[in-house]
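Taking it in order: structure first as C-alpha cells, then the write-up.
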Amino acid sequence: MSALVTLNNGIKMPLVGLGCWKIPTDICAQQIYDAIKLGYRLFDGACDYGNEKEVGEGINRAISEGIVKREDLFVISKLWNTYHDPKHVKLALQKTLSDMKLDYLDLYYIHFPIAFKYVPIDVKYPPGFYTGEEDSKKGVLTEENVPYMDTYRALEKCVDDGLIKSIGISNTAGPLVQDVLRGCRIKPAALQIEHHPYLTQEKLVEYCKINDIQIVAYSSFGPQSFVDIDQELAKTTPTLFEHQTIKKIADAHKVTTSQIILRWATQRGIAIIPKSSQKERLLTNLQIDDIVTLTDAEIKEISDLNQNIRFNDPWDWMNSKFPIFQ
C-alpha cells in the first residue's frame with residue numbers, strides 16, 4: 001500500500017491514489033474493485049467526472065466481500081461549479097453520497113473557484129458546461145454572485161454534520177488560499193493543483209507547506225492528460241516521457257520516465273493520483289517510493305524544466321472568461 005501523510009486535522013491520507021477522471025463508466029466499477037485488491041486505498045473522484053455511481057459500485061463490492069472496511073478507504077469527491085450557493089452545497093454533496101452509496105467522504109474539494117448559475121439536478125446531471133439552453137446557444141457560461149467564502153463556510157457545516165471529514169480547495173492561486181486561511185473556521189486540509197515538471201508552482205507549494213496544507217498533484221504527466229481531449233496546447237507541447245533530462249535520469253536508475261516523474265513529486269511530499277488501466281503500471285505507481293530514490297541534484301534538474309505551462313486554464317472556457325490564474 002501507499003505511504004501515508006497526516007493532514008492538519010490528524011487524518012491520515014495515502015500519498016498515492018487512483019484518479020477517476022476519464023475512467024469510462026462501463027469499466028469503472030471493475031477498475032475500482034481491482035485497484036482495491038491491488039492495494040489502492042485512495043480514490044479521487046468528482047461529480048463532474050460522471051462516474052460516481054460506478055466508483056461507488058466498485059468500492060461497495062470490495063467492502064461487501066470483506067476485502068476492506070469503509071474506514072480503510074480514503075474517498076474523495078468535488079463540488080462542481082453549479083452548486084456554489086450555500087443552499088445548494090449540501091444538496092450536491094448528498095447527491096454524490098447517494099450515488100456512491102456512502103455515508104461520508106474523507107475529503108471534499110471545491111473543484112474550481114468559479115460559481116456557475118445553478119442547474120437543478122433533475123434538469124441536467126452532471127451539468128458540466130451547461131447553465132441553460134439560451135447560454136448553450138450563445139456558447140457562454142453564466143455565473144452566480146456567490147463569494148467563495150460563502151461556499152467554503154457551507155462545507156464547514158457539512159463537516160459539522162459528519163458528511164465530510166476534510167475540506168479541500170482546488171485550482172486556486174495564492175491570494176485565494178490566503179483569503180481562505182484568514183476567514184475559515186476549519187482549515188483546508190489539502191489543495192489540489194495541476195502540477196508537473198512544466199508547471200511546478202514552487203512558491204504556492206512552499207506557502208502551503210508553511211501553512212500545513214497538503215498539496216495534491218493532478219495531471220502529473222503534463223500534456224499527456226490533455227492530448228486525448230484534443231487540446232491544441234497539449235498536442236504541440238513535447239511529451240515529458242521523451243524529454244532528454246528525464247530520460248537520462250530514468251536510464252541512470254533503470255526505471256521508466258513515468259516513474260521518475262511520479263517519484264519527483266512524492267519525494268517532495270506531494271500526493272499524486274495517476275490513472276492507468278494496466279495492472280503492472282498500477283502496481284508500480286502504488287509502490288513508487290520503493291522503486292526509486294532521486295538525488296537532490298536530480299530533483300533540481302527536473303524542477304528546472306518548469307515553463308509555467310498550464311493545460312487546465314478556465315480563462316477560455318467556451319466564450320466566457322474566468323481569470324482565476326491571471
Original post:
Can you check whether T245's main-chain N or O pairs, donor with acceptor, with E301's side chain at less than 3.5 Å?
Top reply: no
Original post:
Just by distance, with hydrogens left out, do S77 and E52 show a side-chain donor and acceptor under 3.5 Å apart?
Top reply: yes
Original post:
Would L240 and F226 show up in the same hydrophobic cluster when neighbours are defined by side-chain heavy atoms closer than 4.5 Å?
Top reply: yes
Original post:
Going by an N to O cut-off under 4.0 Å, is there a salt bridge joining D296 and K300?
Top reply: no
Subject >> Basic-acidic side-chain contact under 4.0 Å: D228, K22 >> reply: yes
Original post:
So does E280 have more than 12 non-hydrogen atoms from other groups sitting under 6.0 Å from CD?
Top reply: no
Original post:
Who else is in the cluster with Y130 when I, L, V, M, F, W and Y are joined by side-chain contacts under 4.5 Å?
Top reply: V119, V123
Original post:
Between the side chains of Y33 and E57, is a donor N or O closer than 3.5 angstrom to an acceptor N or O?
Top reply: no
**OP:** Indicate the atoms forming the closest heavy-atom contact of N171 with L191, along with that distance.
**Re:** N-CD1, 4.4 Å
**OP:** State whether the number of non-hydrogen atoms from other residues, nucleotides or ligands found under 6.0 Å of K95 atom NZ is greater than 12.
**Re:** yes
Original post:
Are S64 and R61 linked by a side-chain donor-acceptor pair shorter than 3.5 Å?
Top reply: no
Subject >> Proximity of F322 and W315 rings by center, below 6.0 Å >> reply: no
Expected list for residues 100-114: side-chain donor-acceptor pairs under 3.5 angstrom, two or more places apart:
| unit_1 | atom_1 | unit_2 | atom_2 | d |
| --- | --- | --- | --- | --- |
| D106 | OD2 | R70 | NH1 | 3.0 |
| D106 | OD2 | R70 | NH2 | 2.9 |
| D106 | OD2 | V75 | N | 2.8 |

Original post:
Hey, what do you get for CG (D251) to CD1 (I246), rounding to the nearest 0.5 Å?
Top reply: 12.0 Å
Original post:
Relative to each other, are the rings of F43 and Y40 parallel, tilted or perpendicular (30° and 60° limits)?
Top reply: tilted
Original post:
For the hydrophobic clusters of this structure (ILVMFWY residues joined by side-chain heavy atoms under 4.5 Å, transitively), does one cluster hold both V146 and I324?
Top reply: no
Original post:
Is the NZ atom of K209 crowded by more than 12 outside heavy atoms at less than 6.0 Å?
Top reply: no
Original post:
Does the pair E134/K138 count as a salt bridge with the N-to-O cut at 4.0 Å?
Top reply: no
**OP:** Would you mind reporting whether I59 and V55 have side-chain heavy atoms less than 4.5 Å apart?
**Re:** yes
Subject >> Heavy-atom donor-acceptor pair, D44 side chain to I76 backbone, under 3.5 Å >> reply: no
Original post:
Can you tell me if CD on E206 sees more than 12 non-hydrogen neighbours from other groups inside 6.0 Å?
Top reply: no
**OP:** Check the hydrophobic clustering (I, L, V, M, F, W, Y; side-chain heavy atoms under 4.5 Å; chains of links allowed) and say if I229 and Y49 are grouped together.
**Re:** yes
Subject >> Student check: side-chain heavy atoms of Q224 and T239 closer than 4.5 Å >> reply: yes
**OP:** Determine yes or no for a side-chain-to-main-chain donor-acceptor pair under 3.5 angstrom, with Q201 supplying the side chain and H196 the backbone.
**Re:** no
Subject >> Geometric cation-pi criterion R41 and F74, 6.0 Å radius, 45° cone >> reply: no
Original post:
Between T142 and D135, do the side chains contain an N or O donor and an N or O acceptor separated by less than 3.5 Å?
Top reply: yes
**OP:** Might you point out which heavy atoms bring L15 and D289 nearest each other, and give the distance in Å?
**Re:** CD2-OD2, 3.8 Å
Original post:
If only atom types and distance count, is the side chain of N51 paired as donor or acceptor with the main-chain N or O of I23 below 3.5 Å?
Top reply: yes
**OP:** Spell out, yes or no, whether W21 and V227 are grouped together once hydrophobic residues are joined by side-chain heavy atoms under 4.5 Å, including indirect joins.
**Re:** no
Original post:
Are the charged groups of K247 and E242 less than 4.0 angstrom apart, N to O?
Top reply: yes
Original post:
Got a sec: does the CG of D316 have more than 12 other heavy atoms crowding it under 6.0 Å?
Top reply: yes
Original post:
So how far is it from I63 CD1 to D72 CG, rounded to the nearest 0.5 Å?
Top reply: 8.5 Å
Original post:
More than 12 heavy atoms of other residues, nucleotides or ligands under 6.0 Å from NZ of K157: is that the case?
Top reply: no
Original post:
Between T131 and F116, is there a donor-acceptor pair closer than 3.5 Å when you use the side chain of the first and the backbone of the second?
Top reply: no
Original post:
Hey, are H253 and Q259 close enough side-chain-wise for a donor-acceptor pair under 3.5 Å?
Top reply: no
Original post:
Ignoring hydrogens and geometry, is there a side-chain-to-backbone donor-acceptor pair from N9 to I11 under 3.5 Å?
Top reply: yes
Subject >> Where I272 and S220 come nearest, the two heavy atoms and their spacing >> reply: CG2-OG, 3.9 Å
**OP:** Answer with yes or no whether the side chains of T6 and K12 bring together a donor and an acceptor at under 3.5 Å.
**Re:** yes
Original post:
Is the backbone of S219 close enough, under 3.5 Å, to the side chain of S225 for a donor and an acceptor to pair up by distance?
Top reply: no
Original post:
Roughly how far, to the nearest 0.5 Å, is the NZ atom of K279 from the CG atom of L282?
Top reply: 10.0 Å
Original post:
Is the side chain of N211 donor-acceptor paired with the backbone N or O of Y207 at a distance under 3.5 Å, no angle test?
Top reply: yes
Subject >> Test ring-ring contact (aromatic ring centres under 6.0 Å, His included) applied to H195 and W264, F221, Y218, the passing residue >> reply: W264
Original post:
In terms of hydrophobic clustering (I, L, V, M, F, W, Y; side-chain heavy atoms under 4.5 Å; direct or indirect links), are L181 and M149 co-clustered?
Top reply: yes
**OP:** Look up atom CD1 in I260 and atom CD1 in I302, then write down how far apart they are to the nearest 0.5 Å.
**Re:** 6.0 Å
Original post:
Considering all heavy atoms of both residues, which atom of S303 and which atom of T200 are nearest to each other, and what is their separation?
Top reply: O-CG2, 3.8 Å
Original post:
Is Q231 reaching over with its side chain to a backbone N or O of A234, donor-acceptor style, under 3.5 angstrom?
Top reply: yes
Subject >> Smallest separation among heavy atoms of A189 and S166, with atom names >> reply: CB-CB, 3.9 Å
Original post:
Within a reach of under 6.0 Å around NZ of K235, are more than 12 heavy atoms found that belong to other residues, nucleotides or ligands?
Top reply: yes
Subject >> Aromatic plane relationship, Y125 with Y83 - under 30° parallel, 30 to 60° tilted, over 60° perpendicular >> reply: tilted
Original post:
What's the shortest heavy-atom distance between Q192 and I273, and which atoms?
Top reply: NE2-CD1, 3.8 Å
Original post:
Counting distance only, does the side-chain N/O of T237 pair as donor-acceptor with the main-chain N or O of L233 below 3.5 Å?
Top reply: yes
Original post:
In Å, rounded to the nearest 0.5 Å, how long is the span from CD1 of I164 to CG of L97?
Top reply: 9.5 Å
**OP:** To the nearest 0.5 angstrom, please state how far the CD1 atom of I186 sits from the CD1 atom of I167.
**Re:** 5.0 Å
Original post:
Between the side chains of D304 and N306, is a donor N or O closer than 3.5 angstrom to an acceptor N or O?
Top reply: no
